[in-house]
Amino acid sequence: MFEFCRTPASWEKIRTNLDRGIFISYLERVREIRNDTMHFDPDGIDDDDLKELRQFSGLLKQVKQIGAPL
């Protein structure tokens, strides 16, 4: 999904009012948290990272709830 969203032409195909740059920033942060957690951090995810993931999850749920594309 990350690579799909990076190109403006692909982003236009999903016809959403979400800001592409902001959405990509969220995806990048989710990727970083995932990689840190899965590959480099034996202690698991910290509270701040978990909060960020929950916020992004909430955004996706809101988008789904209103029936907007994405």
Side-chain angles (χ1 to χ4, degrees):
M1 176 158 202
F2 182 73
E3 289 302 320
F4 177 82
C5 294
R6 288 181 59 139
T7 62
S10 296
W11 183 256
E12 289 176 12
K13 290 179 184 179
I14 60 173
R15 301 182 189 269
T16 184
N17 290 330
L18 293 173
D19 182 275
R20 185 175 67 88
I22 292 172
F23 190 79
I24 289 171
S25 294
Y26 273 120
L27 286 178
E28 177 67 22
R29 184 65 188 128
V30 168
R31 185 190 64 78
E32 290 171 359
I33 293 169
R34 183 249 179 229
N35 286 346
D36 287 346
T37 302
M38 298 304 290
H39 299 292
F40 308 112
D41 189 356
D43 297 328
I45 192 167
D46 66 33
D47 290 340
D48 290 338
D49 288 346
L50 187 56
K51 181 179 177 182
E52 285 187 69
L53 293 175
R54 287 184 173 148
Q55 287 173 338
F56 185 60
S57 175
L59 170 68
L60 294 177
K61 287 176 185 175
Q62 287 177 350
V63 168
K64 181 180 178 182
Q65 191 173 40
I66 62 172
L70 188 67

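One is the number of the first residue; the rest follow in order along the sequence. Quantities reported herein were computed from a predicted structural model and do not represent experimental measurements.
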Do Ile24 and Trp11 touch side chain to side chain, with heavy atoms closer than 4.5 Å? no
Those residues that, when tested against Ser57, pass side chain to side chain donor-acceptor pair (under 3.5 Å) (two or more places apart): none
Partners meeting side-chain contact (heavy atoms from CB on, under 4.5 Å) with Asp36 (sequence neighbours left out): Phe40
Gap separating the CG atom of Leu50 from the CD atom of Gln55, nearest 0.5 angstrom: 10.5 Å
Can you tell me how far the NE2 atom of His39 sits from the CZ atom of Arg34, to the nearest 0.5 Å? 4.0 Å
Hydrophobic clusters here meaning ILVMFWY residues chained together by side-chain heavy-atom distances under 4.5 Å, can you tell me if Ile22 and Leu60 are in one? yes
Any side-chain heavy atom of Asp49 within less than 4.5 Å of one from Asp46? yes
One should read off an interatomic distance between Ile33 CD1 and Ile45 CD1, to the nearest 0.5 angstrom, of 5.5 Å
Should the heavy atoms of other residues, nucleotides or ligands under 6.0 Å from CG of Asp47 be counted, would the total exceed 12? no
Residue pairs, two or more places apart or on separate chains, that pass salt bridge (Lys or Arg N to Asp or Glu O under 4.0 Å) and touch residues 52-62: Arg29-Glu52
Is there a side-chain contact between Phe23 and Val63 (heavy atoms, below 4.5 Å)? no
